[in-house]
Amino acid sequence: MSKIYFFSILVTSFLICCKDSKTDYDDTYSLIRIDNTDVDSTSDISSLVDTLSIMLIKEPEKNYMMDIFKMCVSRNGNYFFFDLRTNKINAFDGNGHFIKTLCKAGDGPNDALNIADFWITDNNDIQVYDFAQMKIFNYDSMLNYKNSIKADQFNHFSAIEKMPNSKYYVGYANFNMYNKPYKDHLYQIALLNDSLKVFRTDDHFDKQF
C-alpha cells in the first residue's frame, strides 16, 4: 500500500511545481489554468506534510485489489479504494480491516455496469458514478445503499463529482466522449443539476477529433 502514498506525494509535488493562475468567473465555479511548460525536476514539500503513516490493508481472500486508481477517506475514518481492474470499490476501517465491497460491476439490481469514479459528499455519503449508464449510486455513511440517479440525457464523462455545498455536479469529458453539443457548443466541462441534466458548459472547442 506504500505505493498509494508515494503516488499521492508525487502528484502533490507535480501540482506544487506547476505555475498556475486562477481566473474567477462567478460564485459557482472558477477556472484554474496550469502552465506546465516550466516544471522543476524536484521540490521539497516536507513543510506541507504533518505526518506520513503506512497502514496495512488486510484484503480478504478472493477479494484482492489489482489496480487501485483512487482512494478517499470519510470523516468517520473509513478508507475507500476504487480498483480499476476489478471495477469495484472496497471499504476498510481505520485499522485496515475489510468492511465490505461497497459497489461493483455486475448484473445485480444495484450493481454498476462500469464504475468510473466515486467521491464522498458533504454529509459523508458515498456516491459512485457508473459511466456506462450515466448513473450515480448513493450510499449512506453506514455504507448502506440508498438510491440511484439516472440521467435522462445520455452523456459520457471521464470524471464527475458533486460540487461542495451544492446540489450540482461537475463533469469532465475528454475528446473521446463524443457528447452532443450543448447550445451548439462542444465542451469538456459541464455543470449538471441534481437530475444529472447539463445546464452549463465550459472549455469549448470547435470540432470533434
Side-chain angles (χ1 to χ4, degrees), residues 4 7-8 11 15 22 25-34 67-75 78-91 101-106 110-141 143 145-183 185-205 208-209:
I4 301 171
F7 177 74
S8 299
V11 171
L15 293 176
K22 181 176 178 181
Y25 282 84
D26 53 35
D27 57 357
T28 306
Y29 75 103
S30 299
L31 179 65
I32 299 176
R33 300 188 183 278
I34 298 177
D67 184 10
I68 296 173
F69 181 73
K70 184 176 182 179
M71 180 190 75
C72 289
V73 184
S74 64
R75 289 196 295 274
N78 291 329
Y79 289 74
F80 301 88
F81 297 91
F82 169 33
D83 187 74
L84 197 62
R85 289 278 296 278
T86 59
N87 213 224
K88 64 186 176 186
I89 296 172
N90 281 343
T101 295
L102 186 71
C103 186
K104 62 179 177 62
N110 298 324
D111 286 343
L113 289 182
N114 187 356
I115 299 172
D117 204 354
F118 86 101
W119 56 90
I120 298 175
T121 67
D122 297 327
N123 62 355
N124 216 32
D125 285 354
I126 302 95
Q127 294 192 322
V128 180
Y129 168 52
D130 183 350
F131 173 89
Q133 300 185 84
M134 188 54 194
K135 189 175 184 179
I136 290 177
F137 295 90
N138 295 308
Y139 301 83
D140 63 24
S141 58
L143 313 186
Y145 172 80
K146 293 172 60 177
N147 53 37
S148 63
I149 309 168
K150 188 171 183 179
D152 293 332
Q153 300 171 320
F154 197 76
N155 295 308
H156 284 310
F157 297 97
S158 50
I160 191 171
E161 191 159 333
K162 192 168 187 180
M163 299 176 66
N165 303 312
S166 169
K167 63 180 181 179
Y168 302 128
Y169 296 84
V170 58
Y172 168 75
N174 62 36
F175 291 122
N176 297 322
M177 295 293 104
Y178 299 107
N179 291 330
K180 292 181 179 180
Y182 177 77
K183 294 185 177 179
H185 287 295
L186 296 166
Y187 58 87
Q188 287 192 279
I189 303 296
L191 300 183
L192 305 96
N193 64 17
D194 53 1
S195 299
L196 304 183
K197 183 178 181 179
V198 176
F199 67 88
R200 185 171 179 177
T201 60
D202 207 330
D203 273 8
H204 302 127
F205 54 96
Q208 291 182 333
F209 294 86

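Q153 meets the side chain to side chain contact (heavy atoms under 4.5 Å, CB included) test with N155, K197, V198; sequence neighbours excluded. Every residue two or more places apart in sequence or in another chain that forms a side-chain hydrogen bond (donor to acceptor under 3.5 Å, both in side chains) with T101 is listed here: N63, N90. Considering only residues two or more places apart in sequence or on other chains, K162 meets the salt bridge (charged side-chain N to carboxylate O under 4.0 Å, His left out) condition with none of them. With sequence neighbours excluded, the residues forming a side chain to side chain contact (heavy atoms under 4.5 Å, CB included) with D122 are P164, N165, listed by chain and number. Not a single salt bridge (charged side-chain N to carboxylate O under 4.0 Å, His left out) links D140 to another residue, sequence neighbours left out. With sequence neighbours left out, the side-chain hydrogen bond (donor to acceptor under 3.5 Å, both in side chains) criterion links D117 to K70. A search for side-chain hydrogen bond (donor to acceptor under 3.5 Å, both in side chains) contacts involving Y169 returns Q127, not counting sequence neighbours. Partners of N147 by side chain to side chain contact (heavy atoms under 4.5 Å, CB included), not counting sequence neighbours, listed by chain and number: N138. Residues satisfying the side chain to side chain contact (heavy atoms under 4.5 Å, CB included) criterion with D194, sequence neighbours excluded, are K167. Partners of Y187 according to the ring pair (Phe, Tyr, Trp, His ring centres under 6.0 Å) rule, which considers only residues two or more places apart in sequence or in another chain, do not exist here. In terms of the side-chain hydrogen bond (donor to acceptor under 3.5 Å, both in side chains) criterion, residue partners of Y172 (sequence neighbours excluded) are, by chain and number, Q188.
Atom OH in Y182 sits 7.0 Å away from atom OG1 in T201 (nearest 0.5 Å). L143 contributes atom CG, which lies 7.5 Å from atom OG of S74 (distance to the nearest 0.5 angstrom). Taking OH from Y129 and CD1 from I115, the interatomic distance works out to 12.5 Å, rounded to the nearest 0.5 Å.
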Inset, instruction - Kindly determine whether F175 and F205 satisfy side-chain contact (heavy atoms from CB on, under 4.5 Å), including the steps that lead there. - result: CA-CA 9 Å; F175 291 122; F205 54 96; 3.7 Å; yes
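Residues D83 and D67 approach most closely at OD1-N, 2.5 Å, considering heavy atoms. Across all their heavy atoms, N124 and I120 have their closest contact at OD1-CG2, 3.7 Å. Here the closest non-hydrogen pair linking L186 and N179 is CD2-O, 3.9 Å. Nearest approach of N123 to R75, heavy atoms of both residues: C-NH2, 3.3 Å. Here the closest non-hydrogen pair linking I160 and W119 is O-CZ3, 2.8 Å. In this structure, K104 and D111 approach most closely via the heavy-atom pair NZ-OD2, 3.0 Å.
Screening residues 145-164 for ring pair (Phe, Tyr, Trp, His ring centres under 6.0 Å), with sequence neighbours left out, gives F131-H156, Y139-Y145, F154-H156.
Distance alone, capped at 3.5 Å, places no donor-acceptor pair between the N193 side chain and the Y168 backbone. Panel note: side chain D130, backbone K135; no donor-acceptor pair is recorded below 3.5 Å.
In the displayed structure, R85 atom CZ is contacted under 6.0 Å by at most 12 heavy atoms of other residues, nucleotides or ligands.
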